[in-house]
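Structure first, commentary second.
This one's a predicted model, so the numbers in the text were calculated from it and none came from an experiment. To find a chain, count down the sequence lines: A is the first, B the second, and so on, and within it residues start at 1.
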Amino acid sequence: MREENLEMSKEKAIITLLQGCNSLNKLRKIHAHVLVSGLRHHVAINNKLLNFCAISVSGSLAYAQLLFHQMECLQTEAWNSIIRGFAQSSSPIDAVAYYNQMVCASFSSPDTFTFSFVLKACERLKAERKCKEIHGTVIRCGYDGDVIICTNLVKCYAAMGSVCIAQQVFDKMPVRDLVAWNALISCFSQQGLHGEALQVYNQMRSENVGVDGFTLVGLISSCAHLGALNIGVQMHRFAREKGLVESLYVGNALIDMYAKCGSLDQAIFIFDRMHRKDIFTWNSMIVGYGVHGRGTEAIFCFERMLEARMQPNSVTFLGLLCGCSHQGLVQEGVKYFNLMSSKFRLRPEVKHYGCLVDLYGRAGKLEKALETIRNSSPNDPVLWRILLGSCKIHKNVGVGEIAMNNLNELGATNAGDCILLATIYAGVNDTAGVASMRKTIKSQGIKTSPGWSWIEIGEQVHKFVVDDKSHRDSIEVYERLREVLHQASLFGYIRDAETLKTSTTYHSEKLAIAFGLARTADGTPIRIVKNLRVCRDCHSFMKAVSVAFDREIIVRDRVRFHHFKGGQCSCNDYW
DNA sequence: GTAGGGTTAG
């Protein structure tokens, strides 16, 4: 009896020590103490030690493995600790390995926690086969009604792009809580299915599951991707009603949403009122300024960020460089590009080189742009493509051909590139050049990526493609477009000669504008989201429409925003 | 003795 008491008090003492343990060194001492106290085989203490080593930030997985393999009696608890530890480590594959050992070669059976941890590892590894196998085991063990395991499965299938299976798992869940719904939303948005993500919200409303900050962040982010300002504003109102607007995550998502939906002022309004700002807050604002072509303000924001002692990361510099290049701030852009590695120890990635090439190219410094590409490694086709875009602005056939040759050599030429070079040839009246590019597109069967434009009317996002006839109000849209084209022509719009020669088509943004004019109140801005760049003809069309109808038109294209007002565009015709 | 969740860039 006395011995038992003694052991209990020793055990208690060790557990107390473990609770106060905050370093590996202390842990080693405790372990040594365990050994000298004759508690080497004490199961509860070993489990505690193991759990600490495997999970705690001040633990060590290597040490955990050592303890694990010294343990004589491995119960589910010990397996769970080691699997959990590896699942969240830089080597999740080891979690799967331990799980395999547990299932195949041990006397312990996995429980719901085991599945939860090993599925986390599968999610991070995108290990589809293993996930399916574990899914089967989960069903055989009768755990397929467990809300947490099912949520894990949804996340796991979503991570590997199997949206349908994720949805099936979700649909079969006997009970779905808010976390499960939120997982479904992020499943869709991970795959770029933002419309579907927003639809989940409608289902949630009809099933009265409620909404929390996680839900809102997911939905607001989907609005941002879609450029769905009206729905985004509703979410903002909703966040206010729910008292969630103070949340750092919600605030960050709102800044990004407003910036991406063209309401930079609203983004600034929210940014200025946030008490706490993290790296996402600053980056969302700087990227917002950047894509709106407001380089000076992006720089100012960046300087304030440094004053606030926030360490920038690679995304920060993308925003900054994007702003510099669209505003033509060459010196500043180069300065920040260099600062990135010299002061902040961030290695520039292809995207940063892309910004630098764009910065030089856009400003007409094509030789410097060429030099940048040649000094960057690896030689990424994206960089040559950006240079080709600059050659279009500056009508430079020579450098354009160099860029095209390099794209060819890299085997990366696409239809967009051929069209770009054709436009460059057309700009200098080289009809033979234009013809040869058309021939290349035809003979090599290079597929053009279809352009589309979105416009949000009320809570509905409408999509148009080139010469779209599929919209239910198509006839009305075309009638309206003819009228708008006529009005625009009275305000200086002349259909681009090249556009006339190459096609009799109506680009998607023209259809979207006509629809927008028909369906929105006089004087309200028209917001359009496009997947490609705006062509010269549509650009001048929109300038004329902005005067003819006295409307502000805000177009988000693949890389930046254009604000058309009173016949002018914020990009100064330089994009 | 333990579990599932969020935002920028791509």
- Please determine if A/R273 forms a cation-pi arrangement with A/F269, meaning its NZ or CZ atom is less than 6.0 Å from the six-membered ring centre and no more than 45° off the ring axis. yes

- Task: Would you indicate what A/S81 reaches in the nucleic acid, counting non-hydrogen atoms under 4.0 angstrom: base, sugar-phosphate, or nothing?
- Result: nothing

- Query: What is the distance, rounded to the nearest whole Å, between atom NZ of A/K120 and atom P of B/dG4?
  - Reply: 6 Å

- Item | Polar side chain donor-acceptor pair, A/D146 to A/T112, under 3.5 angstrom | no

- Message: Quick check on B/dA9: is either OP1 or OP2 less than 4.0 Å from any side-chain nitrogen or oxygen of A/K260?
- Response: yes

- Query: Which part of the nucleic acid does A/N47 contact within heavy-atom distance under 4.0 Å: base, sugar-phosphate only, or nothing?
  - Reply: nothing

- Length of the line joining A/H292:NE2 and B/dT8:P, which is rounded to integer Å: 15 Å

- Item | Least distance between heavy atoms, A/L359 atom then A/V334 atom | CD2-N, 3.7 Å

- Task: With sequence neighbours excluded, tell me which residues meet side chain to side chain contact (heavy atoms under 4.5 Å, CB included) with A/V233.
- Result: A/L229, A/R237, A/Y258

- Task: Starting from P on B/dG10, measure out to CG on A/D380 and report it in whole angstrom.
- Result: 13 Å

- DNA chain B-proximal residues of residues 147-161 of chain A, any heavy atom under 4.0 Å: A/V147, A/I148, A/T151, A/N152, A/K155

- Near-parallel close stack of A/F280 and B/dT7 base (under 5.5 Å, under 30°): yes

- Item | Residue A/D177, side-chain atoms from C-beta onward, closest of B/dG4, B/dG6, B/dT8 | B/dG4

- Scan A/H352 against the nucleic acid and name what it touches under 4.0 Å (heavy atoms): base, sugar-phosphate only, or nothing. nothing

- Check the distance between B/dG6's C1' and A/Q190's CD and give it to me in whole angstrom. 12 Å

- Task: Can you figure out which of B/dG1, B/dA9, B/dG6 approaches the side chain of A/Y249 most closely?
- Result: B/dG6

- Query: Between B/dA3, B/dT8, B/dG6, which nucleotide gets closest to the side-chain atoms of A/V250?
  - Reply: B/dG6

- Message: Considering every strand and a 4.0 Å limit on heavy-atom distances, what is the contact class for A/G218: base, sugar-phosphate, or nothing?
- Response: nothing

- Message: In this structure, how many angstroms lie between the P atom of B/dA9 and the CD1 atom of A/I286, rounded?
- Response: 13 Å

- Message: Without decimals, in angstroms, what is the distance between A/M235 CE and B/dT7 C1'?
- Response: 15 Å

- Is A/S221 near enough to B/dT8 that one of its side-chain N or O atoms lies under 4.0 angstrom from OP1 or OP2? yes

- Is the CZ atom of A/R205 crowded by more than 12 outside heavy atoms at less than 6.0 Å? yes

- Query: Any cation-pi pair here, A/R176 with A/F170, using under 6.0 Å and within 45°?
  - Reply: yes

- Note on the structure: Checking B/dT8, B/dT7, B/dG6 against the side chain of A/N252 (C-beta onward), the nearest is B/dT7

- Message: Categorize A/F117 for me: base, sugar-phosphate, or nothing, with a 4.0 angstrom heavy-atom threshold over every strand shown.
- Response: base

- Message: Check for me: is A/F113 stacked on B/dA3 by the 5.5 Å centroid and 30° plane-angle rule?
- Response: no

- Query: For the ring pair A/F271 and A/W282, is the centre-to-centre distance below 6.0 Å?
  - Reply: yes

- Message: Determine whether A/C156 and A/C122 satisfy the following criterion, side-chain contact (heavy atoms from CB on, under 4.5 Å), listing intermediate values before the conclusion.
- Response: CA-CA 7 Å; A/C156 205; A/C122 288; 3.6 Å; yes

- Query: To the nearest angstrom, how far is A/L248 atom CG from B/dT8 atom P?
  - Reply: 13 Å

- Counting any heavy atom closer than 4.0 Å, what does A/S314 reach on the DNA or RNA strands: base, sugar-phosphate only, or nothing? nothing

- What integer distance in Å separates A/E246:CD from B/dG6:P? 22 Å

- Proximal nucleotide (of B/dG10, B/dG4, B/dT7) relative to the A/V217 side chain: B/dT7

